[in-house]
Amino acid sequence: MTFFIYDSFSREKKKFEPINSNNIRIYACGPTVYSYAHIGNARMSVVTDLLVRVLKTIYSNVKFVSNITDIDDKIIEASISSGKKIQDITEKFHEIYNNEMKSLGVNKPDVQPKATDHINEMIEMIKSLVEKNAAYVVDQHVLFDVSKYKYYGKLSRRTKEEQIAGSRVEVADYKKNPEDFILWKPSKKNEPSWNSPWGEGRPGWHIECSAMSEKCLGTPFDIHCGGVDLRFPHHENEIAQSCSLIGNDCKPDKFSKYWFHNGFVTVNGEKMSKSIGNIQLVNDILKKYSGNVIRLSLLSSHYRQPMDWSEKILDQSKKTLMRFNKTLEENGVKKKDNNIMKNQHMSEFLEALYDDLNTPKALAVLNGWFEKLKKKDLPNDLIVHLIESAINILGLNLKEEKNNSENVINENKKKVIEKMIEDRQIARQNKDFKKADEIRDKLKKMNILIDDTTEGTKWILND
RNA sequence: GGUGCGGUGGCGGAGAGGCUACGCACCGGCCUGCAAAGCCGAGUACACCGGUUCGAAUCCGGUCCGCACCUCCA
């Protein structure tokens, strides 16, 4: 089967034809680690994780690199305002980020390079750009000369004229062209700095991704991922830097063959911002919902669509997962089909994902299998195995979900719950339904849901 | 001002010229002491105005509205 990818450079859906099918290479711009991850970071992470998982169903060798930005103005600000060391901040939030993403079912990238480990590579790259006359030095700054790269603006489809007309920011006087951007800048005192041919300083933001993708993957690579907001200027500048190393007329696809941009997450229709105070931190959402619920919520709309985040989505996903869970619990697979991935029903599911990661459609196929299970249209074993496999491809981990729920409750609390259920059972037998319902309400307040079945009363933690 | 994306039933959300998307909620029924869950069933839709067509939610033109980017941003 063939994977189709929407390439946001050409703005069309394309057949995915890897540069080397034995070695698929993907790069994603990772987070700046100065604070907890928000749901927008999570969307990018979950969606690229799915992309990698889906490609792995076709190609045996997929290498995924996603960086950590650990030197940046925002980090310096965070350091000044908190009085903490920069490294303490970045190490802390790097670890938190990885843990949070893990709980969302995101596999760790094969390589997770840090910007500060690649300063030398960046300096070398900047040196080459200066030698090639693609960059110039002014007062210890090194700037990329946009006029020297033929295809500048092709990714975001912007012309220089438009940018000048719409510029909202005053242009620094050392720039030759208003859209020239910083490759290297001097550090102020107390700011982190590295020695360079242009004096003590630090790199601009864009150069790190050019340096790290080159080092970890080599160019050209297959897919470059990131949020749409990075399309301009970040990705545009990455192309300019990386391609200018080859030549001023080097085509953008010599850097990355396809561009993959995920849509924005808003909250109540607005962008998340500190001033509005509507930033949805993964850390906070995880206090109320499991990582699986968050993951399914993020996958319930197509990755390129804008997504307005709300608790409604979470509640809906939670119900869906409870349904999945129940079905799988009640129906174990006895005989596994080794060729499940080649099963015609599975193909229908995969086709949806191979169509530019159409997760809503894939979920609809999955729901269709539940219908077949009820109607007994297919052998029970096969359907349940299909469901299990599909859930697995989506990166949802229902077993973990269940274990978590059991682990949260300690033995003492378990005993209390079981005693209450027993008391309720006695009350019911005595037709004292008022008492029985009171106990049920009490349990509900403890976040315990009960279920009277023919095999007795079952309970689950409603997390 | 420029560049993109989008407006689908109560809500979420695919599809994309003729065929029930799907899920949640709601309503009716079964089951239950009652719930919950589950099962069976019904309903509701393509922003607006023109055009093309035998036929348009889907194509074309226009209008309105929303969001994002152009400054650090996922």
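Note that the structure is predicted; figures quoted are calculated from it, not measured. Chain naming here is simple, since letters A, B, ... match the order of the sequence lines and numbering starts at 1 in each.
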Which nucleotide sits closest to the side chain of [X]: [options]?
X: A:V265; options: B:C70, B:A74, B:A21; answer: B:A74
X: A:K312; options: B:A74, B:C11, B:C22; answer: B:C11
X: A:Q305; options: B:C34, B:A14, B:G4; answer: B:A14
X: A:P306; options: B:G4, B:C5, B:G13; answer: B:C5
X: A:I313; options: B:G12, B:A74, B:C39; answer: B:G12
X: A:T32; options: B:A74, B:A21, B:A35; answer: B:A74
X: A:Q316; options: B:A74, B:C67, B:C11; answer: B:C11
X: A:N358; options: B:G33, B:C70, B:A14; answer: B:A14
X: A:K375; options: B:C40, B:A14, B:C69; answer: B:C40
X: A:K271; options: B:C69, B:A74, B:A14; answer: B:C69

Report yes or no: is there a donor-acceptor pair, N or O only, under 3.5 Å between the side chain of [X] and the base of [N]?
X: A:H261; N: B:A74; answer: no
X: A:D308; N: B:C67; answer: no
X: A:R43; N: B:A74; answer: no
X: A:R304; N: B:C5; answer: no

[atom1] atoms of [N] and [M], separation to the nearest Å:
N: B:G6; M: B:C48; atom1: C1'; result: 16 Å
N: B:A37; M: B:C59; atom1: C1'; result: 47 Å
N: B:A25; M: B:U32; atom1: C1'; result: 22 Å
N: B:C26; M: B:C64; atom1: P; result: 39 Å
N: B:C54; M: B:G62; atom1: P; result: 24 Å
N: B:C22; M: B:G13; atom1: C1'; result: 8 Å
N: B:U3; M: B:U8; atom1: C1'; result: 26 Å
N: B:C5; M: B:G9; atom1: P; result: 22 Å

Taking the six-membered ring for Trp, are [X] and [Y] parallel (under 30°), tilted (30 to 60°) or perpendicular (over 60°)?
X: A:H206; Y: A:F181; value: perpendicular
X: A:F349; Y: A:W369; value: tilted
X: A:F255; Y: A:W259; value: tilted

I need the single residue from A:N67, A:T48, A:D222 that forms a side-chain hydrogen bond (donor to acceptor under 3.5 Å, both in side chains) with A:Y27. Which is it?
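Passing option: A:N67.
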Less than 6.0 angstrom from the centroid, inside 45 degrees of the normal: does A:R428 satisfy that with respect to the ring of A:F433?
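The answer is no, since A:R428 fails at least one limit relative to A:F433.
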If stacking means aromatic ring centre less than 5.5 angstrom from the base's six-membered ring centre, planes under 30°, is A:F433 stacked on B:G33?
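Per 5.5 Å and 30° rule: yes, stacked.
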Under 4.0 Å between a side-chain N or O of [X] and OP1 or OP2 of [N]?
X: A:R231; N: B:A68; result: no
X: A:K374; N: B:C40; result: yes
X: A:K319; N: B:A25; result: yes

Taking atom types as modelled and ignoring hydrogens, do the side chains of A:E238 and A:S210 form a donor-acceptor contact shorter than 3.5 angstrom?
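Result is no, nothing qualifies.
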Modelled atom types, side-chain donor and acceptor of A:R53 and A:N392, under 3.5 Å
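Per modelled atom types, A:R53 and A:N392 side chains form no pair under 3.5 Å.
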For A:E311 and B:C11, what is the distance between atoms CD and P respectively, to the nearest whole Å?
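Nearest whole value for this atom pair: 19 Å.
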For A:D451 and for A:A364, find the nucleotide of RNA chain B with the closest heavy atom, then tell me which residue's nucleotide is more 5'.
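Nearest-nucleotide comparison on RNA chain B picks A:A364.
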When you match A:V365 and A:K434 each to their closest nucleotide on RNA chain B, which lands nearer the 5' end?
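It is A:V365, whose closest nucleotide lies nearer the 5' terminus.
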Describe the nucleic acid contact of [X] in one word from base, sugar-phosphate, nothing, applying a heavy-atom distance below 4.0 Å.
X: A:G227; value: sugar-phosphate
X: A:D452; value: base
X: A:H302; value: sugar-phosphate
X: A:N367; value: sugar-phosphate
X: A:R428; value: base

